[in-house]
Asker: 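If you scroll down you'll find the structure; I have some questions about it.
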4 protein chains.
Amino acid sequence: MPSNATPPARRRTSIGSRRNPETAAAVLAAARELLIEKGYAGFSVEEVARRAGAGKPSIYRWWPTKADLFVTLYGAEKTAAILVPDLGRVVDDLTRYTASLWRFWRTNPAGGAFRGLIAEAQTSEAALAALRVKFLPERLEPLRTIFGRAVERNDLNAADVEDRIALWVGFNWFRLLTDHVDDDVQAIARAMEIIAGPRASGPPGRPRSGSAR
Amino acid sequence: MPSNATPPARRRTSIGSRRNPETAAAVLAAARELLIEKGYAGFSVEEVARRAGAGKPSIYRWWPTKADLFVTLYGAEKTAAILVPDLGRVVDDLTRYTASLWRFWRTNPAGGAFRGLIAEAQTSEAALAALRVKFLPERLEPLRTIFGRAVERNDLNAADVEDRIALWVGFNWFRLLTDHVDDDVQAIARAMEIIAGPRASGPPGRPRSGSAR
Amino acid sequence: MPSNATPPARRRTSIGSRRNPETAAAVLAAARELLIEKGYAGFSVEEVARRAGAGKPSIYRWWPTKADLFVTLYGAEKTAAILVPDLGRVVDDLTRYTASLWRFWRTNPAGGAFRGLIAEAQTSEAALAALRVKFLPERLEPLRTIFGRAVERNDLNAADVEDRIALWVGFNWFRLLTDHVDDDVQAIARAMEIIAGPRASGPPGRPRSGSAR
Amino acid sequence: MPSNATPPARRRTSIGSRRNPETAAAVLAAARELLIEKGYAGFSVEEVARRAGAGKPSIYRWWPTKADLFVTLYGAEKTAAILVPDLGRVVDDLTRYTASLWRFWRTNPAGGAFRGLIAEAQTSEAALAALRVKFLPERLEPLRTIFGRAVERNDLNAADVEDRIALWVGFNWFRLLTDHVDDDVQAIARAMEIIAGPRASGPPGRPRSGSAR
DNA sequence: ACGTAAGCGAGACGGTACGTCAGGTCTTAGG
DNA sequence: CCTAAGACCTGACGTACCGTCTCGCTTACGT
């Protein structure tokens, strides 16, 4: 995608009654830049339109919600970004994947886009729906893959997976939303060891032995 | 303080050169109601001022940021709300405490206030700082108590506590921000069992023996 | 022409390299209906195209200006609508003709079309020219006929006619533009008696013999 | 009123909870200029706000409708503009007053404002109401004065006045809306002679004694 | 008989303006 | 010196139309 965004943007003209991919690209490029420059605060559809040399209605035609724009933006960045590791041990996979994800969040506008999406979801019902229905299921695929392998290896109980995924997501959100997605791999690893660890079950008072799985 | 908030609010006048506690109360009451009625979306300082029969500047004088208002509001609600259970087993304590917290979030404006604070923190550096410095440490005291007891009982390693707290916080945020703070105690318990469970450590390929701590 | 306009409109396709009269008819029918339904306010080319099942460019091809559309529309309605009365007395002719015209304006889209044309002329130089050059002269023919007969009868001076026509036009516009084209024939008659009456001339101070009471 | 309008407009600061007259003045000045520069076409609240260095909401607060803005604008110009002549003969008074009015329309933005008001009334019900209720009655006072004197002199029948006023208004609108408010006093005088002349009444077929030329 | 030229529905596009909403600042008047 | 009140600027929101443009189709006409 050419960086034809910020200056008034070379004149694009309509290509008729089908969507103009150049326009879409220009909008996304402008949104990307804006996110880098100003973060989620200071992000506005108005400004995106200005930079992209697009009309606001053209943006609203394709992204009826700011959230939709963030989703697309995030998707565009994520494409071909993070490999799902397969190191034979679930904690290692989780740690590496999480560390990669955080690096991605730190170095791309994606992190900002995601923060924006979550913030938006607090304000708009539509954004919340987008987050829950369109975004999360798709983005959690890698996690399911990693945990799925662990289940196949009999390292984890299949019934646990959703709970562990919820913990993983929460951990990541917490760090992202408090702007703490650093590169402390040790800290990540420690959290992952708990997420992937055995349950603390058994009779009260005795935290149990031979626990999980 | 009388609940004189929502209707045009009985006329308050200045009480001279000292802060008028009635005004502060009316503002908080109005904010409270608004949060209950419409949630964080649909919350605006403008509307609070309208309901409280106060001027916006009066609000901004005492709560320079929306986030400050949320902090006060959340604090006012939480006070004297949730007991820290002591059932002798960390999972049980966590489960009960979490369930209580979620009920609190569902039934008080507190949930909305907290969502608002987090959302605000994505936009404003000041709010983020407030969230991290003033808010979180204070609100996590109960958790430290619960985990502290477990450490004393030798059920958990002291070095783990911060990691487990982070997981617990993330889990709660995730649920809150996706509007999923239901009363499924089973689900809570399952998550808590993982949070309080042993680590998955040990040599690669061997998911651990004699695991946690 | 079938009244196939408002519902999505039976599919018309091109009839080759000549103008498709069905399309023109559908556009005019849709414009007609829209004007009846909503009046000039609420009239938009967009909506006409929607109702006619026509493309906007097809409309702009044949009516480069909204004003042109109104002109056509008004012309189409007026055709074969109002007879020029010949009652032997100019006031009676004027009164009857004016009353007929107002009824026509009330019951046809014509009134809306004319209001639209005048309004458009305030915005567009082209529309103003159309109004002055194409429209007015043609539409005033009946008036010239009526006054012409009066001149032949020696009831009026030929030199007066244009002035009286201007007064008549103004009176009608005033009523149309303030949405007051009612059916109060008495009021019309009174105005016509003045328009067709003798001039108030004579030396200053002496309003002239036999004059106004 | 200083011409402090077009450049971003020297920074005005609020004077507290009472309307800022500087703002009102700046808005009106900007509107005035815009009307002169571009006429009614090309007039937009947006542009007025831009030039006045005012926020759109500030404008809408005080002039809820574009029409209201035109009314104020017209009023501001008219103030101290046209004297009501008293020459002893109604035709002379009308002619002189009308000629003055047209000159005023030609040389001030007022003409544009009035055209805008009328055009607006075709589009918005509110504007139409403003035109009929607020504007016209007030602006026709001079006419009532002139005709009132004629009635007192027994030159005219009191019952005629409203009809003659309607004709006068229509004549003026016609000329204004077709951009024909020239300075042909002869033409004005001829029209006024008819407006102020005797009625053409009497038995059908006999246009009444002493009548038309 | 067939290529070309035009008309057509469709609808995306860049724009401009609309009227509204909220944020946060400022000033007044008064206690 | 604080307070209530609300005007103010700013800037974004999402919507409605404007008039232009291009597509891909269909048809009639001229060769």
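Quick caveat, the model's predicted, so the values are computed rather than measured. Lettering follows sequence order; numbering is per chain, from 1.
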Asker: Tell me which of A:Glu47 and C:Glu47 sits closer to the 5' end of DNA chain F, going by the nucleotide each one is nearest to.
Answerer: A:Glu47
Asker: The test is side-chain contact (heavy atoms from CB on, under 4.5 Å); show your working for C:Leu73 and C:Leu117 and say whether it passes.
Answerer: CA-CA 10 Å; C:Leu73 212 48; C:Leu117 178 53; over 6 Å; no
Asker: With sugar-phosphate meaning primed atoms plus P, OP1 and OP2, does C:Pro57 contact a base, only sugar-phosphate, or nothing at under 4.0 Å between heavy atoms?
Answerer: base
Asker: Rounding to an integer number of Å, can you tell me how far B:Glu46 CD sits from F:dC13 P?
Answerer: 18 Å
Asker: Would you kindly give the CD-to-C1' distance between D:Glu22 and E:dT27, to the nearest whole Å?
Answerer: 13 Å
Asker: Can you tell which of E:dG9, F:dA12, E:dC18 lies closest to the side chain of D:Ser44?
Answerer: E:dC18
Asker: Starting at the 5' end of DNA chain E, which residue's closest nucleotide do you reach first, A:Ala24 or C:Ile59?
Answerer: C:Ile59
Asker: Within this structure, what is the NZ-to-P distance between C:Lys38 and F:dA16, rounded to whole angstrom?
Answerer: 11 Å
Asker: Check step by step if side-chain contact (heavy atoms from CB on, under 4.5 Å) holds for D:Asp68 and D:Trp62.
Answerer: CA-CA 9 Å; D:Asp68 291 277; D:Trp62 298 109; over 6 Å; no
Asker: Is any side-chain nitrogen or oxygen of D:Arg50 closer than 4.0 Å to OP1 or OP2 of E:dA17?
Answerer: yes
Asker: Should D:Trp62 be listed as having a side-chain N or O under 4.0 Å from OP1 or OP2 of F:dA7?
Answerer: no
Asker: Output yes when at least one side-chain N/O atom of D:Thr23 is less than 4.0 Å from OP1 or OP2 of F:dC9, else no.
Answerer: yes
Asker: Would you find a donor on one side and an acceptor on the other, under 3.5 Å apart, between the side chain of C:Ser124 and the backbone of C:Ala126?
Answerer: yes
Asker: Tell me whether the side-chain N/O atoms of D:Lys66 come closer than 4.0 Å to OP1 or OP2 in E:dC18.
Answerer: yes
Asker: Using only side-chain N and O atoms of A:Ser58, determine if any of them is under 4.0 Å from OP1 or OP2 of E:dA12.
Answerer: no
Asker: Does D:Arg19 place a side-chain N or O at less than 4.0 Å from the phosphate oxygens OP1/OP2 of F:dC8?
Answerer: no
Asker: Can a donor-acceptor pair be found, under 3.5 Å and without considering hydrogens, that links the side chain of C:Ser44 to the backbone of C:Glu47?
Answerer: yes
Asker: Name the closest nucleotide to the C:Tyr60 side chain, picking from F:dC21, F:dG19, E:dC8.
Answerer: F:dG19
Asker: Taking CZ from A:Phe43 and C1' from F:dC13, how many angstroms apart are they, rounded to a whole number?
Answerer: 14 Å
Asker: Select one nucleotide: of E:dC18, E:dC13, F:dA12, the one nearest the side-chain heavy atoms of A:Asn20.
Answerer: E:dC13
Asker: Taking CG from A:Asp68 and C1' from F:dG14, how many angstroms apart are they, rounded to a whole number?
Answerer: 14 Å
Asker: For D:Phe135 and D:Phe70, I'd like to know if the aromatic rings sit close, meaning centre-to-centre distance below 6.0 Å.
Answerer: no
Asker: For E:dG15, does the base pair up with any side-chain atom of A:Lys56 as donor and acceptor (N or O, under 3.5 Å, distance only)?
Answerer: no
Asker: Look at the side-chain N and O atoms of B:Arg61 and state whether any lies under 4.0 Å from the OP1 or OP2 oxygen of F:dT3.
Answerer: yes
Asker: Nearest whole Å is fine: how far is E:dC13 C1' from A:Trp63 CH2?
Answerer: 13 Å
